[in-house]
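Below is one structure, written out as structure tokens; comments come after it.
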Number of protein chains: 2
Amino acid sequence: MHTVKEAALMTGLTEHAVRFYTDKGLVPSIQRNSNNIRMFDEESINWLHGVKCLKQSGMPIEVIKMYVDLCLEGDSTIPQRSALMMEHKEAALAKLEEAKRHIDHLEQKTALYQAILEQRTPDTTNPGNWDKIQHMHADVFYSPPMRKA
Amino acid sequence: MHTVKEAALMTGLTEHAVRFYTDKGLVPSIQRNSNNIRMFDEESINWLHGVKCLKQSGMPIEVIKMYVDLCLEGDSTIPQRSALMMEHKEAALAKLEEAKRHIDHLEQKTALYQAILEQRTPDTTNPGNWDKIQHMHADVFYSPPMRKA
DNA sequence: CTATAGCCTTCGTGTTACACGAAGTCAAGC
DNA sequence: GCTTGACTTCGTGTAACACGAAGGCTATAG
């Protein structure tokens, strides 16, 4: 049996978030002891993990709540739950793909910066270098610094 | 040259967001025509893409603004920009890893649901199935629906 | 010439998922 | 008996827009 503080540590959530989730009914297995203190058993910790997973993968609290409520209604809601999860998984996968593209983008930027820095500030005054330099800077971010303004 | 609407379409942002970003100074290359209308050239579209990338990978607008301002200061800020990007890339990578774990989690859930559904509602009334059923439901999400309450 | 459409502005409110602090209340342990 | 740690409610703040309203400009089409 764990307290809020422990549950927070175990899940990587803040105490605020843990209380918030329990108060919203996202941790149905939770119990209070005689002193009204939230007691988390392993199952409750699992729910917290699950809620964290769903939330961090983009599901709004409201929808998580719906899902939890469906769980509480018993086996008859399994088809709906399944559909919900499938949909959400697809959405999360799409986001993951986009995140990968963003990472690629960032990789390119950092690689460019590294290339520039490893050249130890190429001699900008030597016209012979200009092509190279222009080209190098050309995409960091996303053009040579504008001096238009 | 593109209008706000076009820029929104091209980048996948909303018009609101595009105006928001330009007003915050995140698109330094943007110009207004004689009728005070925002005109996006290719460079501005690129900035929008870049801002979108940074934001969606978790960078707060405020920090993006700092980065853009550094860009405008010229080559002398390249080391800072590089460091900023490296840090952000690392953070984004960490998030990506976590996202992957979440996806794994979701895969398991959906697989479990599929398994249950493909068995076409196993006969819950037959005690011979109970072990199987209990076990199957045991992790969907994250225990058999509580009937404690 | 006027009507419509598209762009602009500012204003104001709503949203999500908390973060944070304050104030006050318990119960347990030293 | 005092500190500690848990609890409560209250209230405010935040980010990054979303959305609508009101009002104004300009270009174009009929």
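All values below were derived from every heavy atom in this structure, side-chain atoms included, with hydrogens, water molecules and symmetry-related copies excluded. Order of the sequence lines sets the chain letters (A, B, ...), proteins ahead of strands, with each chain counted from 1.
To the nearest angstrom, P of D/dA16 lies 12 Å from CG of B/L54. Per the geometry, CG belonging to B/L26 stands 13 Å off C1' belonging to D/dC17, to the nearest Å. Straight-line distance from the CD atom of B/E6 to the C1' atom of C/dC7: 12 Å, rounded to whole Å. The CZ atom of B/R19 sits 16 Å away from the P atom of C/dC11 (whole-angstrom rounding). In this structure, NZ of A/K55 is placed 4 Å from P of C/dC18, rounded to the nearest angstrom. One can place CD of A/E15 at 10 Å from C1' of D/dG5, the figure rounded to the nearest angstrom. At whole-Å resolution of the value, CG in A/D23 and P in C/dA17 are 15 Å apart. D/dG5 atom P lies 13 Å from atom CG of A/L9, rounded to whole Å.
The side chain of B/I61 has D/dC17 as its nearest neighbour among C/dC18, D/dC7, D/dC17. Closest to the B/I37 side chain, of the nucleotides D/dT8, C/dA17, C/dC8, is C/dC8. Of the listed nucleotides (D/dA6, D/dC7, C/dC7), D/dC7 has the atom at the smallest distance from the side chain of A/N36.
Put simply, B/N35 has a side-chain N or O that comes within less than 4.0 Å of OP1 or OP2 on D/dA27. Distances shorter than 4.0 Å separate none of the side-chain N or O atoms of B/T14 from OP1 or OP2 on D/dC17. One finds a side-chain N or O of B/Y21 lying less than 4.0 angstrom from the OP1 or OP2 phosphate oxygen of D/dC17. Dashed line: the shortest gap from a side-chain N or O of B/R38 to OP1 or OP2 of C/dC7 is not under 4.0 Å.
The pair B/E62-B/K65 fails the salt-bridge criterion, with no side-chain N (NZ, NE, NH1 or NH2) lying under 4.0 Å from an Asp/Glu carboxylate O. Electrostatic pairing of B/K95 and B/E98 does not count as a salt bridge here, judged by no charged N lying under 4.0 Å from a carboxylate O. A salt bridge does not link A/R81 with A/D69: none of the charged nitrogens is closer than 4.0 Å to a carboxylate oxygen.
Both B/E62 and B/H16 sit near DNA chain D, but only B/E62 has its closest nucleotide nearer the 5' end.
Taking NE2 from A/H105 and SG from B/C53, the interatomic distance works out to 5.0 Å, rounded to the nearest 0.5 Å.
Between B/L54 and A/L106 there is a side-chain heavy-atom pair separated by less than 4.5 Å.
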